[in-house]
Amino acid sequence: MHATALCPLNDLCNGTIGSAFLENGRRIAIYHVDGNVYATDDRCTHGDASLADEGSLEGHTVECGLHLGAFDVRTGAATSAPCVHAIKTYPVEVRDGQVWLSAE
Ligand code: FES
């Protein structure tokens, strides 16, 4: 595991979704909810949709814009059909105003 600097926390307004690429090319969606930051894979587990580009965030729930399935950004659990498979989450921490993600 190693830490990857994603972005300054100030770049993520509360209630919004950002994104970043890992060194392996995988795109990550980053969520700012009331001072806490969460990260998941960007690609919906139901279909070919980007949660960062097409999703909307309401509290801790990200709704996919393509078929309106949803996930809990804290756990990755699918919370609304047609999504049934959890989305991968990543540990995130904020240090000195910078968002860091730990990934394999
Ligand atoms: Fe996300 Fe279908 S692609 S709900």
Side-chain angles (χ1 to χ4, degrees):
M1 298 271 271
H2 68 279
T4 302
L6 294 180
C7 62
L9 180 60
N10 286 343
D11 285 0
L12 284 174
C13 294
N14 187 37
T16 63
I17 310 172
S19 67
F21 285 93
L22 301 183
E23 290 175 5
N24 63 9
R26 184 177 287 254
R27 191 175 189 213
I28 303 297
I30 311 161
Y31 312 91
H32 184 182
V33 182
D34 296 333
N36 295 307
V37 181
Y38 307 92
T40 70
D41 275 340
D42 178 54
R43 190 64 46 191
C44 180
T45 61
H46 177 251
D48 189 23
S50 162
L51 295 174
D53 292 342
E54 303 172 63
S56 60
L57 186 62
E58 184 72 39
H60 292 101
T61 298
V62 59
E63 183 179 79
C64 177
L66 196 51
H67 306 114
L68 308 183
F71 303 93
D72 186 316
V73 300
R74 297 168 293 187
T75 63
T79 57
S80 181
C83 297
V84 293
H85 300 293
I87 197 163
K88 181 175 174 57
T89 60
Y90 297 86
V92 173
E93 67 174 323
V94 178
R95 274 187 272 131
D96 299 326
Q98 179 75 30
V99 180
W100 293 85
L101 179 146
S102 297
E104 296 176 21

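None of these values were measured; they are calculated from a predicted model. Atoms within a ligand are numbered from 1 in the order they appear, just like the ligands themselves.
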Nearest to atom 2 (Fe) of ligand 1 - the N/O/S atom of His67, by atom name: ND1

Atoms of ligand 1 close to Leu66 [distance to a heavy atom under 4.0 angstrom, numbered from 1]: 3 (S)

Which of the ligand 1 atoms, numbered from 1, are nearer than 4.0 Å to a heavy atom of Cys64: 1 (Fe), 3 (S), 4 (S)

Members sharing Ile17's hydrophobic cluster (side chains within less than 4.5 Å): Tyr31, Val33, Tyr38, Leu51, Leu57, Val62, Phe71, Val73, Ile87

His85 side chain vs Thr45 backbone, donor-acceptor pair below 3.5 Å: no

Ala29 backbone acceptor or donor facing Asp42 side chain under 3.5 Å: no

Distance, nearest 0.5 Å, that separates CG of Asp53 from CG of Leu66: 12.5 Å

Under 4.0 Å to a heavy atom of Gly47 - the qualifying atoms of ligand 1, by number: 3 (S)

Atoms in ligand 1 flagged as close to Cys44, the criterion being non-hydrogen separation under 4.0 Å: 1 (Fe), 3 (S), 4 (S)

Residue His46 atom name (nearest to atom 2 (Fe) of ligand 1; N/O/S): ND1

Pair Asp41 + Arg43, salt bridge at N-O below 4.0 Å: no

Any N, O or S atom of Cys83 closer than 2.8 Å to atom 2 (Fe) of ligand 1: no

Gln98 backbone acceptor or donor facing Asp96 side chain under 3.5 Å: no

